[in-house]
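Ligands are counted one by one from 1 in listed order, and the atoms in each one are counted from 1 as well.
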Amino acid sequence: MLTTLSSVLEKAKRGKYAVGAFNVNNLEMIQAIMVAAEAEKSPVIISTSEGALEYAGMDELGTLVHLAAVRSKLPIVFHLDHGKDVKLVERAIKSGWYTSVMFDGSSLPLKENIKATKRLVEMAHKRGISVEAELGAIAGIEDFVSVEARDAHFTNPEQAREFVEKTKCDALAIAIGTSHGAYKFKEASSLDFKRLQKIRSLVKIPLVLHGASGIPANVKKICIEHGCKIEDAKGVSDAHIKKAVSLGINKVNIDSDLRIAFDAGVRRFLSENPEVIDPRKILGPAKDLITQVVRQKMKLFGSAKKG
Ligand code: G3H
Ligand code: 13P
Ligand code: ZN
């Protein structure tokens, strides 16, 4: 059943757990995530980036997600991830597919981010669609050598309070040291939990953690054994994800972990079965590995059995 981000996340906030938002680019990823959601009885957010829409098309992905959602009794959110182009966010709102959109104005000056977000929130709310917004730069903690540099890039708690009051957005993505992609930390995972606590105390709406992939060791090992060069990949530890959720994160975004699961499945199958040319056989193990990873995340975030 399709539902809004705000209904799923308000429930998660009350229950002190987080719901995973998983990026998809094709039919197989949608199927694998739905198998995981049904097995764990978990609500789920299915996200499409601008890149995913360029690759597969908004109507194509919208049709597939709607079909999956009407066949399920679980709460399913169909979400536009990181809409940076206002025109694309408007198109997504008007398309009839999405129950939630993210407007990412984080690279804009604060005033402009507030102005553009507020306008899109008004437009989306008229159609019963939720809006996630972003404040602060989601780039790794190790990108900033000094405390001053961190303060300038991570989400400022007071600004977050003002931003949410003025824009009336439904969820806020914050920067506390995570980054997108498979190379997040040179050393151990480390996040600014004090900042998260301060933001949580000032902002009442659900908070979102982007760049939250963990790069699970077992999946990374399969990739490397079968030729993928990702030796230095490092993600956020499970312990830190758990702590972030306990301190008030209610949406956790995962893309890279699905990519390496897909990659591991395809590489292993092809190297062990060089005579097979059937795409259905080649992609089967990739789907199974994605399902495994998503099930593990649902348990970790606490959303299992909450659907
Ligand atoms: O947050 C970004 C996601 O990982 C999407 O990546 O733009 O390559 O689809 P993409
Ligand atoms: P990862 O690259 O850590 O999976 O982050 C994904 C994300 O934040 C999508 O919006
Ligand atoms: Zn993101």
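By the 3.5 Å distance cut-off applied to N or O atoms, N23 is not counted among the residues near ligand 1. Below 3.5 Å of separation, one finds an N or O of H180 facing an N or O of ligand 1. Inclusion of N25 in the set of residues having an N or O under 3.5 Å from an N or O of ligand 1 is not warranted.
A heavy-atom separation below 4.0 Å is found between K184 and ligand 2.
Between Y98 and F78, the ring-plane angle classifies as parallel under the 30° and 60° cut-offs.
Annotation for ligand 2: atoms under 4.0 Å from non-hydrogen atoms of S213 are 1 (P), 3 (O), 4 (O). Taking a cut-off of under 4.0 Å to the non-hydrogen atoms of G181, the atoms of ligand 2 that pass are 2 (O). Distances below 4.0 Å separate heavy atoms of H82 from the following atoms of ligand 1: 1 (O), 2 (C).
Using a 4.0 Å cut-off between heavy atoms, K84 makes no contact with ligand 1 at all.
Within the cation-pi definition used here (under 6.0 Å to the ring centroid, within 45° of the axis), K297 does not qualify as a partner of F22.
Listing protein N, O or S atoms at distances below 2.8 Å from the Zn ion (ligand 3), with waters left out, gives H82 NE2, H180 NE2, H210 ND1.
Considering only non-hydrogen protein atoms, atom 8 (O) of ligand 2 sits nearest to G211 N, 2.8 Å.
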